[in-house]
Amino acid sequence: MQKIDKEASQTLAHIIASRRDIRGNNFSSEPIEEELLKEIIEAALHAPSVGYSQPWKFVIIEKKSIKEQIYENYKEEYAKSTSSFKERPIYETLKLEGIKEAPVNIAMFYQKPKRAILGQTSQKKMGEYSVVCAIQNMWLMARSLNIGMGWVSILKPKKVRKILGVSKEYKLVGYLCVGYVKAFPKEPELKTLKWEEQKNYQEIVSWIKD
Ligand SMILES: Cc1cc2nc3c(=O)[nH]c(=O)nc-3n(C[C@H](O)[C@H](O)[C@H](O)COP(=O)(O)O)c2cc1C
């Protein structure tokens with residue numbers, strides 16, 4: 001394989017820094033070209049996976065009635081969540097999903113292994129983490145194509161699996177809303193709204209040197 005040049009690495013850094021979580025107030029209804037959707041999935045297939053197990057399964061949802069069922073589950077789960085943030089009334093003003101607004105939803109499942117997986121013998125979650133690596137690849141590839149993606153986690157995984165008619169062999173890892181956007185926010189919305197502060201380097205990095 002050829003060496004990657006500086007320009008490409010700068011482009012990658014730019015894509016990483018400008019990726020944003022996109023929610024329903026920011027999706028446009030413009031459909032996504034199928035070739036571009038395939039490029040996004042292709043990016044997932046290059047993700048690292050424990051023991052090269054590639055334990056992912058994608059369900060691509062465009063059907064309105066299915067999105068509505070997923071949205072109903074979101075509403076139920078959201079209602080349960082509000083009591084956790086009683087002292088922060090801004091919580092109820094946040095838009096936390098784009099299920100119906102995004103032209104495409106992608107449910108990412110983890111396929112539970114039928115045999116031992118190299119590298120997954122001590123830490124059972126490694127397969128699910130591999131699916132997360134695939135999701136991040138998709139998120140970045142989508143951003144490079146000026147397509148937005150948002151992760152919705154206020155959902156009951158089993159319910160979503162049943163709505164989508166997926167067997168118990170699989171576990172939902174991520175539910176993604178995908179579509180063109182009105183504008184990519186410059187920084188995380190939860191930073192702009194002061195929900196959380198950005199952590200600094202000193203806080204999160206420790207060195208163990210000789
Ligand atoms: C595992 C995971 C789950 C998330 N779930 C939600 C969610 O349910 N609703 C939501 O609005 N954002 C969700 N997000 C998006 C985060 O809020 C967002 O990534 C974070 O605020 C940083 O903003 P940015 O992605 O625009 O940089 C999720 C992100 C991750 C990585």
Side-chain angles (χ1 to χ4, degrees), residues 1-4 8-23 32 35-61 70 96-99 102 104-158 160-161 164 166-179 181 184-185 187-188 190-191 196 198-199 201 204-206:
M1 272 259 189
Q2 274 180 324
K3 272 193 166 181
I4 306 278
S9 92
Q10 283 170 347
T11 304
L12 177 61
H14 175 61
I15 294 165
I16 290 172
S18 56
R19 180 212 51 77
R20 291 278 76 82
D21 187 82
I22 303 298
R23 303 170 179 108
I32 306 175
E35 316 87 73
L36 298 190
L37 205 52
K38 281 189 184 152
E39 273 187 55
I40 294 171
I41 304 288
E42 189 69 29
L45 306 185
H46 290 293
S49 62
V50 64
Y52 195 45
S53 55
Q54 305 152 78
W56 35 65
K57 176 182 170 74
F58 308 78
V59 178
I60 303 175
I61 305 132
I70 302 286
L96 297 176
E97 53 72 45
I99 299 163
V104 172
N105 291 182
I106 304 178
M108 292 283 291
F109 287 90
Y110 164 60
Q111 182 175 26
K112 297 172 194 166
K114 293 195 182 77
R115 53 187 170 79
I117 300 291
L118 185 159
Q120 199 170 322
T121 42
S122 302
Q123 299 187 47
K124 303 296 173 203
K125 288 264 180 196
M126 288 300 148
E128 284 163 76
Y129 298 162
S130 303
V131 179
V132 176
C133 291
I135 294 173
Q136 178 72 342
N137 271 14
M138 290 163 71
W139 216 335
L140 294 174
M141 178 55 88
R143 180 62 186 91
S144 79
L145 297 167
N146 294 308
I147 292 171
M149 188 176 275
W151 189 324
V152 189
S153 45
I154 307 167
L155 291 169
K156 204 86 190 153
K158 268 190 197 163
V160 173
R161 183 176 61 68
L164 301 180
V166 169
S167 79
K168 272 189 182 165
E169 188 195 337
Y170 298 93
K171 180 179 172 190
L172 182 78
V173 172
Y175 193 89
L176 311 168
C177 301
V178 188
V181 305
F184 282 95
E187 59 178 19
L190 294 181
K191 179 182 177 189
E196 295 284 355
Q198 183 167 14
K199 294 188 178 174
Y201 191 84
I204 54 170
V205 178
S206 58

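Keep in mind that what you see is a predicted model, and the values were worked out from it rather than measured. Numbers here are sequence positions counted from 1.
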Show the numbers, then the answer: is there a side chain to side chain contact (heavy atoms under 4.5 Å, CB included) between Glu97 and Leu155? CA-CA 10 Å; Glu97 53 72 45; Leu155 291 169; over 6 Å; no
Got a sec: does the [atom1] of [X] have more than 12 other heavy atoms crowding it under 6.0 Å?
X	atom1	value
Gln123	CD	no
Lys112	NZ	yes
Phe184	CZ	yes

If you look at every heavy atom in [X] and [Y], which pair is closest and at what distance?
X	Y	result
Pro55	Val131	O-CG2, 3.9 Å
Ser49	Ser53	OG-N, 3.2 Å
Ile135	Gly174	CD1-CA, 4.0 Å
Ile15	Arg143	O-CG, 4.0 Å
Ala107	Leu164	CB-CD1, 3.5 Å
Trp56	Ser130	CZ3-O, 3.6 Å

Given Ile41 and Ile60, is the side chain to side chain contact (heavy atoms under 4.5 Å, CB included) satisfied, shown in steps? CA-CA 10 Å; Ile41 304 288; Ile60 303 175; 4.0 Å; yes
To the nearest 0.5 angstrom, please state how far the [atom1] atom of [X] sits from the [atom2] atom of [Y].
X	Y	atom1	atom2	answer
Ile70	Ile61	CD1	CD1	5.5 Å
Leu190	Leu96	CG	CG	7.5 Å
Ile32	Lys38	CD1	NZ	13.5 Å
Ser167	Gln111	OG	CD	8.0 Å
Lys158	Lys171	NZ	NZ	10.0 Å
His46	Gln54	NE2	CD	11.0 Å

I'd like to know if the side chain of Glu39 and the backbone of Leu37 have a donor-acceptor N/O pair within less than 3.5 Å.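 Side chain of Glu39 to backbone of Leu37: no pair is present.
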I want to check something: taking the side chain as every heavy atom from C-beta on, are [X] and [Y] in contact at a cut-off of under 4.5 Å?
X	Y	value
Leu172	Arg161	no
Leu176	Met108	yes
Tyr129	Val50	no
Val181	Arg20	no
Phe58	Leu45	yes

Check the pair Gln136 / Arg19 against side chain to side chain contact (heavy atoms under 4.5 Å, CB included), numbers first and verdict last. CA-CA 10 Å; Gln136 178 72 342; Arg19 180 212 51 77; 4.3 Å; yes
What orientation do Trp151 and Trp139 show, parallel under 30°, tilted 30 to 60°, or perpendicular over 60°?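 It falls in the tilted class, 30° to 60°.
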Is the closest side-chain donor-acceptor distance between Gln198 and Lys191 under 3.5 Å?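 Yes, side-chain donor-acceptor contact under 3.5 Å.
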Donor-acceptor list for residues 113-120 side chains, cut-off 3.5 Å, not counting sequence neighbours:
| residue | atom | partner | partner atom | Å |
| --- | --- | --- | --- | --- |
| Lys114 | NZ | Glu169 | OE2 | 2.9 |
| Gln120 | OE1 | Gly127 | N | 3.3 |
| Gln120 | NE2 | Tyr110 | OH | 2.9 |
| Gln120 | NE2 | Lys124 | O | 3.1 |

